[in-house]
Protein chains: 2
Amino acid sequence: MKKKNDSEEIVSLVSLWNNFGHLTAAQLEMILKNSYNAGFRPGEVIVKQGSPASSVVFISDGLVKVYMEGSGEKNIILRLAAPGKPVLDPGLFISRRNTLTVTAVSRTEVNFVSTEILQRLSGENSSFSMGILKELSQQMFLVQNKLASVAGKRMAGRLADTLLYLSEDIFKKNEFDIVLSRKEIGEMSNMAKECVVRVLNELEEEGAVKTDSSRIIILNPDKLREISDQTSWM
Amino acid sequence: MKKKNDSEEIVSLVSLWNNFGHLTAAQLEMILKNSYNAGFRPGEVIVKQGSPASSVVFISDGLVKVYMEGSGEKNIILRLAAPGKPVLDPGLFISRRNTLTVTAVSRTEVNFVSTEILQRLSGENSSFSMGILKELSQQMFLVQNKLASVAGKRMAGRLADTLLYLSEDIFKKNEFDIVLSRKEIGEMSNMAKECVVRVLNELEEEGAVKTDSSRIIILNPDKLREISDQTSWM
DNA sequence: AAATGGAGTTGATATAAATCAATCCATAAA
DNA sequence: TTTATGGATTGATTTATATCAACTCCATTT
């Protein structure tokens, strides 16, 4: 990787998160001095649940999954994260322990920024601070929605939610290569991998999606939304 | 209710939320001017999901439930809230719509504080701003735990979680009068009211709790924790 | 080329939990 | 006192979903 000069790096900081645009050059400088980069291969752990929370993760390239590790081997994947936003763990601001595990789904470049610094800057710059609050709220909202899905819907609805999430929030296309295994799709939708296969077939029969092993095509998003909306107890 | 002078009211603001202690007299004054009180009877709606989010709710007396309304009639109760903390809705900082409904469980006195003002003060005072961030993180952590419980545990584990939550976080006693119906306990644990009754009996047979209609006694919290820890897929 | 192993798939079975139905309260209203 | 009314309770039944077992289809190793 080629060495960059400061102004180049400052530009790249803003590309990590729009909210960095609120900071002064001096403040950005401060961040640069207190951050470091690392690369990860698929499957590698970037942040481990339970470990001390000393820094916030920014993804400069690649895709990661953010999940809770249950005892046993069943995980609950809360969301995926791509470049452009930080991965905020609620533990950062309270217990100072990570409450979530983050691992690379594809080859990933990550930027760790010291939590201390972010907090200090948050105190110095109210727009920046507001940006953190908004991002945290966004991520909390996502968890709320996941809870609503898991607690209130049947398999088809939950899987529909996951597919819509992938297509609208992550890949931003109707057709995409799902990098996740059926088991992982199951961990996003709280269902067994076998059921993912079966329900995926059902959705295909209804003409909502088309799947070809790792490729997924959303043929009819409205149909998916309709399936997502039908609750068990009607 | 007797009229209070300003200094009395400022003291009472701090009792609504410790975090107000970070503010100057002038800032507290500002809050007083932009807040108003209201009383609610059991069952009355304090904040309605979907409505414009213009203010943050502080409870000065009573108990409320905070929940997501599903289509149909099944709700998901995220948590209860008693005096001492604000009810932060993630929608406050993003969509400006409430994503949650808040209703009174017992007779409740509430203080509405304008979101605008809180945001302004958050920009002026970094300790205060950090307090908001911490509180939001706390509430997000709670939702995460609820998700883990609902997605990963069987009925007994989920109900145990709810009982521990009530005893440790809300009533702070081993013995308390549950103001909620069996149906509502079910909405906290994602199970049907009939199942609440059955599993409650199981827990009683195991000597973990004792129930007498509305009274609940936690006889053995460790036993409850043990039940909470056993996952389905061991 | 053979062998290994893992993901994906399919069908059969087991099980947790919801739903349904009936009954039993307690409290409030007439 | 009788009559409603709604929550709580109990048992029977149904249903959604997990689990188990077997098999296919790759990709990788030997």
Side-chain angles (χ1 to χ4, degrees), chain A residues 41-43 65 70 72-76 105 149-162 177-205 209-216 227-228 230-234, chain B residues 41-43 65 70 72-77 105-106 149-162 177-205 209-216 227-228 230-234:
Chain A
R41 306 165 160 285
K65 59 175 176 175
E73 49 170 81
K74 191 190 183 184
N75 299 320
I76 301 165
V105 169
S149 181
V150 165
K153 295 179 188 181
R154 300 228 274 326
M155 288 196 299
R158 304 201 300 267
L159 187 56
D161 285 340
T162 295
D177 247 314
I178 179 86
V179 205
L180 307 170
S181 68
R182 304 301 188 214
K183 181 159 185 291
E184 286 172 311
I185 299 177
E187 288 174 342
M188 294 190 76
S189 318
N190 200 44
M191 52 199 276
K193 60 184 190 306
E194 293 93 333
C195 295
V196 172
V197 174
R198 279 186 265 262
V199 177
L200 224 33
N201 284 337
E202 282 172 36
L203 294 180
E204 189 148 359
E205 278 161 31
V209 301
K210 178 147 178 24
T211 61
D212 179 17
S213 68
S214 85
R215 192 128 201 105
I216 292 188
I227 290 167
S228 156
Q230 57 198 212
T231 48
S232 25
W233 14 259
M234 325 210 323
Chain B
R41 305 165 160 285
K65 58 175 176 175
E73 49 171 80
K74 190 190 184 186
N75 299 321
I76 301 166
I77 299 180
V105 169
S106 54
S149 182
V150 165
K153 296 178 187 181
R154 294 222 290 279
M155 289 195 299
R158 304 201 300 266
L159 186 57
D161 286 340
T162 295
D177 248 313
I178 179 86
V179 204
L180 307 171
S181 68
R182 303 302 190 216
K183 181 160 184 293
E184 286 171 311
I185 299 177
E187 288 173 341
M188 294 189 76
S189 318
N190 200 44
M191 52 199 275
K193 58 185 191 306
E194 293 93 335
C195 295
V196 172
V197 174
R198 279 186 264 263
V199 176
L200 224 36
N201 284 338
E202 281 172 36
L203 294 180
E204 189 147 0
E205 279 162 29
V209 301
K210 180 148 175 26
T211 61
D212 180 15
S213 67
S214 85
R215 192 127 200 103
I216 292 190
I227 290 167
S228 156
Q230 56 199 210
T231 48
S232 24
W233 14 260
M234 346 200 310

Check nucleotides 5-8 of chain D for protein N or O atoms closer than 3.5 Å to its own N or O atoms and list the pairs.
| from | atom 1 | to | atom 2 | distance (Å) |
| --- | --- | --- | --- | --- |
| D:dA8 | OP2 | B:R182 | N | 3.0 |

Distances for protein N or O near nucleotides 11-16 of chain C N or O, under 3.5 Å:
| from | atom 1 | to | atom 2 | distance (Å) |
| --- | --- | --- | --- | --- |
| C:dG11 | N7 | A:R198 | NH1 | 3.0 |

Rounded to the Å, how far apart are [X] [atom1] and [N] [atom2]?
{"X": "A:M191", "N": "D:dT19", "atom1": "CE", "atom2": "C1'", "result": "14 Å"}
{"X": "A:K153", "N": "D:dT17", "atom1": "NZ", "atom2": "P", "result": "13 Å"}
{"X": "A:K74", "N": "D:dT17", "atom1": "NZ", "atom2": "P", "result": "12 Å"}

Give the minimum heavy-atom separation between [X] and [Y], together with the two atoms involved.
{"X": "B:G70", "Y": "B:N75", "value": "N-OD1, 3.9 Å"}
{"X": "B:A151", "Y": "A:K74", "value": "O-NZ, 3.1 Å"}
{"X": "B:D161", "Y": "B:S149", "value": "OD2-OG, 2.7 Å"}
{"X": "A:R215", "Y": "A:D177", "value": "NH1-OD2, 2.9 Å"}

- prompt: Hey, is the side chain of B:N190 poking within less than 4.0 Å of OP1 or OP2 on C:dA17, counting only N and O atoms?
  reply: no

Side chain to side chain contact (heavy atoms under 4.5 Å, CB included) involving A:E184 - partner list, sequence neighbours excluded: A:K65, A:I77, A:L180, A:S181, A:E187

query: Within the side chain of A:R158, is there an N or O that forms a donor-acceptor pair under 3.5 Å with the backbone of A:N190?
result: yes

- line: The reported gap from CD1 in A:I185 to OG1 in A:T162 (rounded to nearest 0.5 angstrom) is 8.5 Å

- prompt: Do B:K153 and B:S228 touch side chain to side chain, with heavy atoms closer than 4.5 Å?
  reply: yes

